[in-house]
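Notes follow the structure.
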Protein chains: 2
Amino acid sequence: MCGIACQNAGMDIVSSKPSGLRARKRQETLERIAETGLRLFSRNGYEATTLDAIAEGAGISRRTFFHYFKSKEEILLDWQLRGFSASLRKAVLAQPAGKVPVEVVRDAMLMLSVGFRTQEFISIDRVLRSSETLKARKQATYGLHEQALYATLMERWPDPDRGATLRLVAMASLGAMRLAIEAWIQAGGDRPVDSFLHAAFDGLASEFGKPSR
Amino acid sequence: MCGIACQNAGMDIVSSKPSGLRARKRQETLERIAETGLRLFSRNGYEATTLDAIAEGAGISRRTFFHYFKSKEEILLDWQLRGFSASLRKAVLAQPAGKVPVEVVRDAMLMLSVGFRTQEFISIDRVLRSSETLKARKQATYGLHEQALYATLMERWPDPDRGATLRLVAMASLGAMRLAIEAWIQAGGDRPVDSFLHAAFDGLASEFGKPSR
DNA sequence: ATACAAAGCTGCACTCGGTGCGAGAATATT
DNA sequence: AATATTCTCGCACCGAGTGCAGCTTTGTAT
């Protein structure tokens, strides 16, 4: 779950102290690598960007790259994961009581949907859709988000009997969000993201809700 | 969509003639490679199985392997795709009239669920879950199934206005199936797959159907 | 401040997946 | 039988990723 930069981060988490110069430099280098990688991916394409180019651009050696990222792909995965699951968790837990799970998740996603319009999001999403391998990874990341959202929902409704249905809610909600984003990008951004999200959740309700038997 | 072995298969599809010895040998070699690969994956693990080993086991050269499969992964993808989408399509189109889309898909999946119990399915599914890359590919394959199922649903309900909701149905149904299979494997196969599938669809109906607004 | 331990950086050599190319063998066509 | 097409193969090559060993930098104990 933790992914990168966790081999010596245990102390940091516990003591919450940057532990000095070492950790700060590490953080700086990490961000420099990610930044360089994403920039080169957007400009020259994913496949055409070699690790040597990233390493040179970030001012490190090729070998050192692997001390920060497990693989080339992980630059993208890290970006994709960074924040989103955590933001969604916060937004879910911040929803007022009295709503059913589906409403909570939908409204939480609506809160976050403003972040989708950024240039960075669109630019990197184009990279993510540029190759088969990356599309696969992107899909897999939705799986991670699904797990995280499920954990959050279980945190809010800690009833073991609801576990199975909360898994379904997490799956279908993230799927709805995925389809909404796809449709939105497909449409070229004319209508706002929110309307696509609403339409997706309404569609699920009408298709799955009518004759439950 | 076609994937492998399509560079010279055009003639075969059109004329539906095996066109003699060449095509037969090609088919034989293809199956021999797939068989060898799957066997070695199951026995020694995916990463530990090199292309040289597969090629040697199948009696071909390393270079020739890439004339049959685009990549090592494709052996697994091909197995995973082979038949399923097509079977699901047939089962969907065979459902009696009068059912709503969700019911049609659910009942079609129930028809196919008997195929999940085979030893081959379980064995290869274990390989698919053995590495991060493969898990990602597996997820991505669900995306392909989603597209195929969506196309089938559009074939049965060719109303352009329903397109968006049919996409949702395809997404949520395949997600439900995925969760059902996961839960079933998790449970060790005590209860039959069917009950997990039923539970998943019922759960979706109750969570998304109650207060739609 | 000095000495020592720990962590980080780097180059080297290596494995493996994957591709382009060209020659030669097998198959199909006339 | 001659010709064209396709299959197979070896070869050289590239990029991603790993293990190792040595060196430098940072942190800590004395």
Side-chain angles (χ1 to χ4, degrees), chain A residues 3-12 15 17-30 32-33 37 40-41 44-77 131-134 136-137, chain B residues 3-12 15 17-30 32-33 37 40-41 44-77 131-134 136-137:
Chain A
I4 55 167
C6 275
Q7 45 254 46
N8 78 332
M11 209 54 173
D12 299 342
S15 70
K17 257 199 232 167
S19 73
L21 183 137
R22 224 179 182 94
R24 196 178 64 240
K25 279 181 81 170
R26 184 171 184 86
Q27 188 61 27
E28 283 172 8
T29 312
L30 186 77
R32 193 153 22 98
I33 297 173
L40 293 178
F41 291 161
N44 308 331
Y46 178 75
E47 309 280 355
T49 303
T50 69
L51 283 181
D52 297 82
I54 300 174
E56 191 184 347
I60 56 168
S61 78
R62 206 183 91 91
R63 192 64 187 80
T64 300
F65 172 88
F66 291 101
H67 282 100
Y68 286 85
F69 290 91
K70 282 203 313 238
S71 69
K72 189 177 165 185
E73 279 176 351
E74 195 165 350
I75 297 179
L76 289 164
L77 298 193
S131 92
E132 284 308 312
T133 313
L134 290 182
R137 291 304 249 206
Chain B
I4 55 165
C6 275
Q7 46 254 43
N8 77 333
M11 209 56 175
D12 299 341
S15 69
K17 257 200 232 167
S19 73
L21 183 137
R22 221 176 184 96
R24 196 178 67 240
K25 278 182 84 170
R26 186 172 182 84
Q27 187 62 28
E28 284 172 8
T29 312
L30 185 78
R32 193 154 23 102
I33 297 174
L40 293 179
F41 291 161
N44 309 331
Y46 178 75
E47 309 280 355
T49 303
T50 69
L51 283 180
D52 298 83
I54 300 174
E56 189 184 348
I60 56 169
S61 79
R62 205 180 93 92
R63 192 66 188 80
T64 299
F65 172 88
F66 291 101
H67 284 39
Y68 286 86
F69 291 91
K70 280 203 315 237
S71 68
K72 188 178 166 185
E73 280 176 351
E74 195 164 351
I75 297 178
L76 290 164
L77 298 193
S131 92
E132 284 308 311
T133 312
L134 290 181
R137 290 304 238 197

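FYI, side chains are in, hydrogens and waters are out, and symmetry mates aren't considered; it's all heavy atoms of this structure. Just so it is clear: chains get the letters A, B, ... in the order the sequence lines come, proteins before strands, and each one is counted from 1.
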| query | For A:Y46 and A:T133, what are the C-alpha separation, side-chain angles and deciding distance, and is it a side chain to side chain contact (heavy atoms under 4.5 Å, CB included)? | reply | CA-CA 11 Å; A:Y46 178 75; A:T133 313; over 6 Å; no
| note | NZ of A:K72 to CG of A:L134, rounded to nearest 0.5 Å, is 8.5 Å
| remark: Taken to the nearest whole Å, CZ/A:R62 to P/C:dG11 is 11 Å
| remark: A:F65 CZ to C:dG11 P, in whole Å, measures 16 Å
| Can you tell me if B:R32 uses its side chain to pair, donor with acceptor, with the backbone of B:A58 under 3.5 Å? | yes
| With a 4.5 Å limit on heavy-atom distance, are the side chains of A:F65 and A:I75 in contact? | yes
| Does A:R63 get its side chain close enough to the base of C:dG8, under 3.5 Å, for a donor-acceptor pair? | no
| B:E56 CD to D:dG10 C1': how many Å, rounded? | 16 Å
| Taking for each residue the nucleotide of DNA chain C with the nearest heavy atom, is it B:K25 or B:S71 whose nucleotide lies nearer the 5' end? | B:S71
| What is the distance from NZ of A:K72 to P of C:dG18, rounded to the nearest Å? | 14 Å
| task | Tell me which nucleotide among D:dG17, D:dT8, C:dG8 gets nearest to the side chain of A:Y68. | result | C:dG8
| field | Residue whose closest nucleotide on DNA chain C lies nearer the 5' end, B:T50 versus A:T64 | value | A:T64
| How is B:T49 classified with respect to the nucleic acid when contacts are heavy atoms under 4.0 Å: base, sugar-phosphate, or nothing? | sugar-phosphate
| message | Distance check needed: C:dG17 P versus B:L77 CG, whole Å only. | response | 16 Å
| task | Kindly point out which of D:dT8, D:dC9, D:dG17 is positioned nearest to the side chain of B:I60? | result | D:dC9
| remark: Atom NZ of A:K70 and atom P of D:dG19 are separated, to the nearest Å, by 13 Å
| What closest approach, in Å, do B:E73 and B:R137 show between heavy atoms, and which atom pair accounts for it? | OE1-NE, 2.6 Å
| field | A:Y46 OH to D:dG15 P, straight-line distance once rounded to whole Å | value | 14 Å
| said: Using whole Å, what does the distance between atom C1' of nucleotide C:dG24 and atom NE2 of B:H67 come to? | reply: 13 Å
